[in-house]
Enquirer: 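First, the structure itself, so that you have it in front of you.
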Amino acid sequence: MTRLKEEDIACIAWQLKEYDHELQKKTGHSLAEIAAHAVGLQTKAAHASLLGRIAVIPVTSGQGIISGFSRTVAGILDHLGVNTFVTAASDVGGFAEAIERGTETIFLADDDRFIAVNLKLRVYSDNSDSTGKGYAAALDYMTGGLKDKSVLVLGAGPVGRSAALSIIGFGGEVHIYDKSERASSTLSQLILDSSGRKIYVEHDLTRALEEHRRIIVACPEAGFITNNYLHADSYVAAPGVPLGIHPAALNTIWPRLIHDPLQLGVATMCYDLLNSIISEGGKER
Ligand code: 2YH
């Protein structure tokens with residue numbers, strides 16, 4: 001699993017408006033609309049304020065605090081219209097501070113997990129899961145719909161698994177490639193058992209790249225997708241950091257490429273929790 005570096009996220013907070021415009025140009029939809037689509041919500045029904053006040057707590061365990069990480073997460077949530085603050089204290093002190101300041105939702109990450117917890121409902125959203133969903137939703141919008149279309153998912157880890165399940169939800173056909181054939185087969189079996197849907201295991205990366213025009217890059221290998229695999233009708237959604245597109249191919253694919261280190265994943269975590277809150281409200285009525 002990639003641990004984000006300070007330089008991966010340094011520019012995010014002050015470029016959120018530009019990033020949102022870029023998403024709108026590429027997919028026809030805003031960051032909030034894509035995140036809502038990822039969890040099956042209408043943006044109109046989802047008022048970000050329903051989340052109450054959000055605290056982001058810096059966590060020192062493992063390799064420690066990533067400078068700017070909590071502030072960037074808070075910036076993304078602010079951009080979505082949620083009242084967010086970063087606690088002054090880290091870890092347990094930060095948790096106490098969040099409760100004292102009337103927080104209902106907490107975002108926090110260590111080196112392995114990044115979650116958002118809603119304290120009222122006792123539900124949480126996982127970043128890997130939300131990132132997979134968010135990128136599948138962006139690809140669905142960007143391509144005009146994945147129904148009956150085949151999508152190559154590169155990487156059978158938590159992000160790839162979540163993306164694969166979402167693509168199936170959008171009616172698409174999943175082809176999975178992972179450098180560990182065992183990981184691909186395990187995922188294929190898991191999806192068959194849980195949903196009765198078949199996904200196709202690809203054994204040869206070169207052939208898989210040659211044959212597909214819709215690709216989700218859910219692995220952290222840099223620059224392996226070169227220009228010869230990318231065409232005027234290729235679409236790539238790449239949550240993986242570092243980016244799998246070769247620098248020389250960036251110009252070709254840029255108008256049909258979705259890639260960011262944090263924004264779509266965090267936005268989808270937010271809408272995932274909103275979805276739980278809205279469904280819970282529905283049950284009460
Ligand atoms: O970047 C990460 C992990 N790779 C989580 C990945 C989840 N998909 N964690 C960030 C660690 C942040 C640090 N503990 C802080 O600043 O609070």
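Start at 1 and go down the list; that is how both ligands and their atoms are numbered. The first residue in the sequence is number 1, and the count goes up from there.
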Enquirer: What atoms of ligand 1 come within less than 4.0 Å of a heavy atom belonging to Leu4?
Expert: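 Answer for ligand 1: 1 (O).
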Enquirer: Just so I know, are the side chains of Cys219 and Asp178 near enough to count as touching, which here means a heavy-atom distance under 4.5 Å?
Expert: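 The answer is no, as the side chains (C-beta and beyond) never meet within the 4.5 Å cut-off.
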Enquirer: Can we call the ring centroids of Phe107 and Phe69 under 6.0 Å apart?
Expert: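 When the ring centroids of Phe107 and Phe69 are compared, they turn out to be at least 6.0 Å apart.
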Enquirer: Could you list which atoms of ligand 1 come closer than 4.0 Å to a heavy atom of Gly64?
Expert: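 It comes down to these atoms of ligand 1: 13 (C), 14 (N).
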Enquirer: Do the side chains of Glu221 and Lys179 get close enough for a salt bridge, i.e. N-O under 4.0 angstrom?
Expert: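 The answer is yes: the pair qualifies as a salt bridge.
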Enquirer: For the aromatic rings, using the six-membered ring if either is Trp, is the centroid distance between His246 and Phe224 under 6.0 Å?
Expert: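 His246 vs Phe224: aromatic centres not under 6.0 Å.
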Enquirer: Under the ring-ring contact (aromatic ring centres under 6.0 Å, His included) rule, what pairs show up with a residue in residues 176-222, not counting sequence neighbours?
Expert: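 Output for this query lists His175-Tyr200, His175-His212.
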Enquirer: Heavy atoms only: which of Asp110, Leu108, Ile57, Val56 is nearest to atom 5 (C) of ligand 1?
Expert: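 Residue with the shortest heavy-atom distance to the ligand atom: Asp110.
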Enquirer: Please could you name the atoms of ligand 1 that Pro58 approaches to less than 4.0 Å, counting only its heavy atoms?
Expert: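 Matching atoms, with element in brackets: 17 (O).
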Enquirer: Heavy-atom contacts with Phe114 under 4.0 Å: which atoms of ligand 1 show up? List them by number with element.
Expert: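 Heavy-atom distances to Phe114 below 4.0 Å select 7 (C).
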Enquirer: Within ligand 1, which atoms have a heavy atom of Val59 less than 4.0 Å away?
Expert: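 Going through ligand 1 atom by atom, the ones under 4.0 Å from Val59 are 13 (C), 14 (N), 15 (C), 17 (O).
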Enquirer: List ligand 1 atoms under 4.0 Å from Ser128, heavy atoms only on the residue side.
Expert: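 Near Ser128, the atoms of ligand 1 are 8 (N).
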Enquirer: Between Asp272 and Lys133 (salt bridge meaning N to carboxylate O under 4.0 Å), is one present in this structure?
Expert: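 Here Asp272 pairs with Lys133 in a salt bridge, since their nearest N and O are under 4.0 Å apart.
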Enquirer: Which of the numbered atoms in ligand 1 are below 4.0 angstrom from a heavy atom of Asp111?
Expert: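 Under 4.0 Å from Asp111, ligand 1 has these atoms: 3 (C), 4 (N).
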Enquirer: Below 4.0 angstrom from a heavy atom of Asn127, which ligand 1 atoms are there? Numbered from 1 as shown, please.
Expert: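 Numbered from 1, ligand 1 contributes 7 (C), 8 (N).
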Enquirer: So do Ile54 and Thr103 actually touch side chain to side chain, heavy atoms under 4.5 Å?
Expert: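 Sidechains of Ile54 and Thr103: no contact.
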Enquirer: Is the contact between Thr2 and ligand 1 made by the side chain, the backbone, both, or neither, using heavy atoms and a 4.0 Å cut-off?
Expert: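 It is the backbone that gets close, since no side chain atom is under 4.0 Å.
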